[in-house]
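In listed order, ligands and their atoms are each counted from 1. None of the values given here were measured: they were computed from a predicted structure.
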Amino acid sequence: MASNANSGTHEEVDAAEPNPESALDTARHQLERAAAELDLDSNTVERLKHPTRVQRVSVPLERDDGTVEVLTGYRAQHNSVLGPYKGGMRYHPEVTEEECIGLAMWMTWKCAVMDLPLGGAKGGIVVNPKDLSIAEKERLTRRFSKELRDIVGPNRDIPAPDMGTDPQTMAWFMDAYSVQEGETTPGVVTGKPPEIGGSYGREEAPGRSVAIITREACDYYDFDLDDTTVAVQGFGSVGANAARLLDEWGATIVAISDVNGAVYDPDGLPVQEIPSHDEEPEAVTRDADDLLTNDELLALDVDVLIPAAIGNVITGANASDIRADLVIEGANGPTTFAADAILERRDVAVIPDILANAGGVTVSYFEWLQDINRRKWSLERVNEELETEMVRAWNDVREEYERRDVSWRTAAYVVGLSRVAEAIEYRGLWP
Ligand code: GLU
């Protein structure tokens, strides 16, 4: 479990970061900061620092050669005061219990910032998806679904794709759950293929929301998109969709990257033509002669930086090198608490993940509604409603930002946390 749980202000955190923060450390620091801003009841804050439940399961996987390996999976359910738990499921070698709890906490705030009737959860399996054949991934997912059967469900906890999982993974998860329940239950997961109850526009939604929030932020700071340069770390679903939309809207995408490094062209990259990670893994760097490192991409002199790959990339060690005016968080938790302090001092505006990439869970909510009502929405309707919800959430956060003179992150927390805290007050803590 995390230490430093009592250090509530930036100043108390050592910017040199001798021990890198876990997602849970960062999430708890951020919670304390926003709770102090809201002057929240300390009992409520104490409750919110801890998840309601963490399920740890052993998942036996039969390899294609017949050997059995036992993997570890988690589902952390942080808070459900506003509705069923909701959040992604990742397959990644660095999944830990702490990380799942921190990410689940962020889902609670993300859903609340978007004013969705959903709580926060996150889960995953400690596995490198690159080491799995398709058949192995299917067996693993079905068994994981079985292990989680008692705690998930359309009114309990609704998983979705995250790092290393995709619509096909959700289809297997939903099928295994439905077979056990004896009835087709599409609402048990979101992010499914549209053919089996998925929503049009769900896959593109996190990237679309990052683009919408970038557009709103540029407008707020009087940057004309036509004169705005953007560097995007990561060219997966979030990074590629954000980059392509921003390019369509007139911005110049000067750098994009994958795990091998970054390509950079000050005149702009043809992002509509470069395959995303999902279309063709690592195609970004395949034919490039001159690569920058991912760290060099972060330090480029651009107007907007979008970290959209993994967490903890902007840290106390490199935050002073960031030259962008605006950072829009596409990934979950790309900026550590220590880095946030440095960026705040340097007047770099950081628009947080819980707002910027919240389009994913928002369209997940639309998907869940479609599943419950057994009625599909058109792509046009999904994108229109997403646009409306994102702009409304942006305005809610902007109002707090202006009223309180705090960072964008704290403003977003104030919006989300106050909704959760009010619900707790009405329902009671029942200790
Ligand atoms: N994994 C996504 C996120 O971090 C989506 C969660 C969901 O749709 O439930 O926001």
Q: Could you tell me, atom by atom, which parts of ligand 1 come under 4.0 Å of a heavy atom of Met107?
A: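 Under 4.0 Å from Met107, ligand 1 has these atoms: 3 (C), 4 (O), 6 (C), 10 (O).
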
Q: Is a side-chain donor-acceptor pair under 3.5 Å present for Gln30 with Trp106?
A: yes

Q: So that I can tick it off, tell me whether Glu389 and Arg392 are bridged by a salt bridge, with the cut-off set at under 4.0 angstrom between side-chain N and carboxylate O.
A: yes

Q: For Pro161, which part has a heavy atom under 4.0 Å from ligand 1: side chain, backbone, both, or neither?
A: backbone

Q: Please work out whether any backbone atom (N, CA, C, O) or any side-chain heavy atom from C-beta onward of Arg202 is under 4.0 Å from ligand 1, and answer side chain, backbone, both or neither.
A: side chain

Q: Less than 6.0 angstrom separating the ring centers of Tyr200 and Trp377, yes or no?
A: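 Distance test on ring centres: not under 6.0 Å, no.
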
Q: Would a line drawn from the ring center of Trp172 to the ring center of Tyr177 be shorter than 6.0 Å?
A: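 No, too far apart.
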
Q: I need the minimum non-hydrogen distance between Gln272 and Glu248, along with the two atoms involved.
A: NE2-N, 4.0 Å

Q: Hey, is ligand 1 close enough to Asp162 that some N/O pair sits below 3.5 Å?
A: yes

Q: Can you tell me which portion of Leu103 lies within the under-4.0 Å heavy-atom range of ligand 1? Options are side chain, backbone, both, or neither.
A: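 Under 4.0 Å from ligand 1, Leu103 contributes no heavy atoms.
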
Q: Heavy-atom contact check, 4.0 Å cutoff: does Lys122 meet ligand 1?
A: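 True for this residue.
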
Q: Note the single closest protein heavy atom to atom 3 (C) of ligand 1, along with its residue, its atom name and the distance in Å.
A: Lys110 NZ, 3.4 Å

Q: Considering residues, nucleotides and ligands other than Arg346, do more than 12 of their heavy atoms fall under 6.0 Å from its CZ?
A: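 It does: Arg346 CZ has more than 12 such atoms within range.
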
Q: Name the closest protein heavy atom to atom 7 (C) of ligand 1, giving the residue it belongs to and the distance to 0.1 Å.
A: Ala160 CB, 3.3 Å

Q: Is the side chain of Thr315 donor-acceptor paired with the backbone N or O of Ala317 at a distance under 3.5 Å, no angle test?
A: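 Yes, the answer is positive, given that a donor and an acceptor are paired below the 3.5 Å cut-off.
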
Q: I'd like to check which ligand 1 atoms, numbered from 1 as shown, lie under 4.0 Å from a non-hydrogen atom of Gly88.
A: 1 (N), 6 (C)

Q: Give me the nearest non-hydrogen protein atom to atom 8 (O) of ligand 1 as residue plus atom name, then the distance to 0.1 Å.
A: Ser364 OG, 2.6 Å

